[in-house]
Novice: 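Starting off with a structure, shown below.
Whatever order the structure lists them in is the order used to number ligands and atoms, beginning at 1.
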Amino acid sequence: MSIANLARRVVRALTPYQSARRIGGNGHVWLNANEAPLAYPFTIEGSRLNRYPQCQPAAVVNGYAAYAGVNPDQVLVSRGADEAIELLIRTFCEAGEDQILICPPTYGMYAISAETCGVGIVEQPLTPSRQPDWPAIQDRLSDVKLVFLCSPNNPTGDLVGRKGLIKLLEKAQDRAIVVVDEAYIEFCPESSVVDLLARFPNLVVTRTLSKAFALAGIRCGFTLGDPEVIAMLAKVIAPYPIPEPIAQIAAQALSPMGLELMQERVIELNKQKAIIKGELASLPCVKEIFEDKGNFVLVRFDDSAAVFAAMKAAGIVLRDFSSKPGLDNSLRITIGYQGEMDAVLEVLRGLGANNVPADKMSATR
Ligand SMILES: *Cc1c(COP(=O)(O)O)cnc(C)c1O
């Protein structure tokens, strides 16, 4: 008997999240995980490392509350937004009994966290205009405890419509919690729904330092919600989830200077995004360019496998979404700095209309 048979059934059957680092790949241009292109220096002071850290480091909680425009008792800091997703499920869903609702195609961790917790998944696909199917979601409210929406949505880049969200929050009051994942909201801050927290105790917003703040390596995320929701999550979270050096770095990122650097980075990446979108639109191998509210753009090609292979040969690593429903032939390109975007365009320009490298076109016909 294999020792693996001792594992829980759901774990034995589980396909783990295909994180960028797990998939691996060879290349020098990493555009597959929506990370920021460059790292920034931080200082770490080591004199307190013999002590356990604070469960909820005050400097980080207060810094994020001030940045997000909420009270500190509306903030929970966790090991990335991924831990926030899992904590919400573990806190509000009874294993083997409750369900969450997701709107695919969307971020993969909602379903994976639910599965590992023994919690069911109701899928309500996005509409053809890639919005949550509001009437259909409302019809399922009595079946689910948590509704996960992603705005901007990874990988399609669309924002969740505010009117539909407000209606859903009204209908869901005292029945279900609606989670809006704002991992990319810094790239379109005017579209945040954080202001709705004051009106709806059943709204929860998740955030991260991994994307616009350029700190994917420290694993630091946030849950914003009603103080009662935050208090429940705080009962479930590990006793010391945020290592002391991480708290120090996060506090620096949330200082006035850290925030200014982040905002400059957003301006630069949004500029690169506008440029590459314009260039992509003129290429014959490009069939569709999706919404672009995050630091990435999903693109449908004639033949995504050929594009993916040509990028790989050039050392450029993209994320392939072509096997996802409705996303055939689509690849997601993280927005990097100008040199990286130029490298992407150079490969694409070398492809013919059918994604056959121009110099091989006659040979294959
Ligand atoms: C990257 C991402 C996360 C995970 O953020 P971490 O803080 O790195 O765990 C959550 N949600 C979405 C939509 C993401 O794209």
Side-chain angles (χ1 to χ4, degrees), residues 16-23 30-37 39 60 64 67-68 75-90 100 102-114 116 126 130 132 146-160 178-188 191-193 204-224 233 237-238 241-243 246-247 249-250 253-254 262 266 269 273 290-298 318-319 321 324 327 332-336:
Y17 182 68
Q18 297 300 301
S19 71
R21 289 301 100 80
R22 204 171 223 159
I23 296 171
W30 290 88
L31 303 177
N32 64 340
N34 297 344
E35 297 149 328
V60 180
Y64 204 85
Y67 160 65
V75 176
L76 186 89
V77 51
S78 59
R79 189 167 28 79
D82 281 350
E83 186 182 31
I85 293 163
E86 191 187 288
L87 279 173
L88 284 160
I89 293 172
R90 284 169 56 207
I100 66 162
I102 61 172
C103 303
T106 191
Y107 186 54
M109 282 306 292
Y110 314 133
I112 287 182
S113 285
T116 55
L126 294 175
R130 294 196 299 271
L146 292 169
V147 175
F148 281 96
L149 304 175
C150 190
S151 185
N153 187 41
N154 178 5
T156 61
D158 302 273
L159 291 167
V160 164
V178 179
V179 182
V180 179
D181 184 340
E182 292 191 341
Y184 300 96
I185 203 66
E186 283 79 11
F187 296 95
C188 51
S191 302
S192 174
V193 298
V204 166
V205 175
T206 56
R207 298 277 192 88
T208 179
L209 298 187
S210 295
K211 309 290 166 44
F213 283 89
L215 287 171
I218 72 167
R219 312 302 304 122
C220 189
F222 298 88
T223 307
L224 311 177
L233 297 171
I237 200 169
I242 311 297
I246 301 313
I249 294 169
L254 295 166
M262 180 275 285
V266 163
L269 291 175
K273 181 168 68 185
F290 289 70
E291 239 327 338
D292 68 345
K293 299 299 183 192
N295 65 337
F296 55 87
V297 55
L298 186 70
L318 304 183
R319 182 105 187 184
F321 282 90
K324 302 288 176 195
L327 300 185
R332 195 190 64 195
I333 306 170
T334 301
I335 305 302

Novice: Partners of E186 by salt bridge (charged side-chain N to carboxylate O under 4.0 Å, His left out), sequence neighbours excluded?
Specialist: none

Novice: Sub-3.5 Å donor-acceptor pair from the side chain of K273 to the main-chain atoms of D292, do we have one?
Specialist: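 Such a contact is found between K273 side chain and D292 backbone.
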
Novice: Contact residues of ligand 1 with a heavy-atom cut-off of under 4.0 Å?
Specialist: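 Lining ligand 1: G80, A81, D82, Y107, C150, N154, D181, A183, Y184, T208, S210, K211, R219.
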
Novice: Can you see whether D82 engages Y17 through a side-chain donor-acceptor pair at a distance of less than 3.5 angstrom?
Specialist: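 Not at all, the side chains of D82 and Y17 share no donor-acceptor pair under 3.5 Å.
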
Novice: Can you tell me if S113 uses its side chain to pair, donor with acceptor, with the backbone of Y110 under 3.5 Å?
Specialist: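 The answer is no, because no donor-acceptor pair under 3.5 Å joins these two groups.
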
Novice: Does R319 CZ have over 12 foreign heavy atoms under 6.0 Å away?
Specialist: yes

Novice: So which heavy atom on E83 is nearest to which on P241, and how close?
Specialist: OE1-CB, 4.2 Å

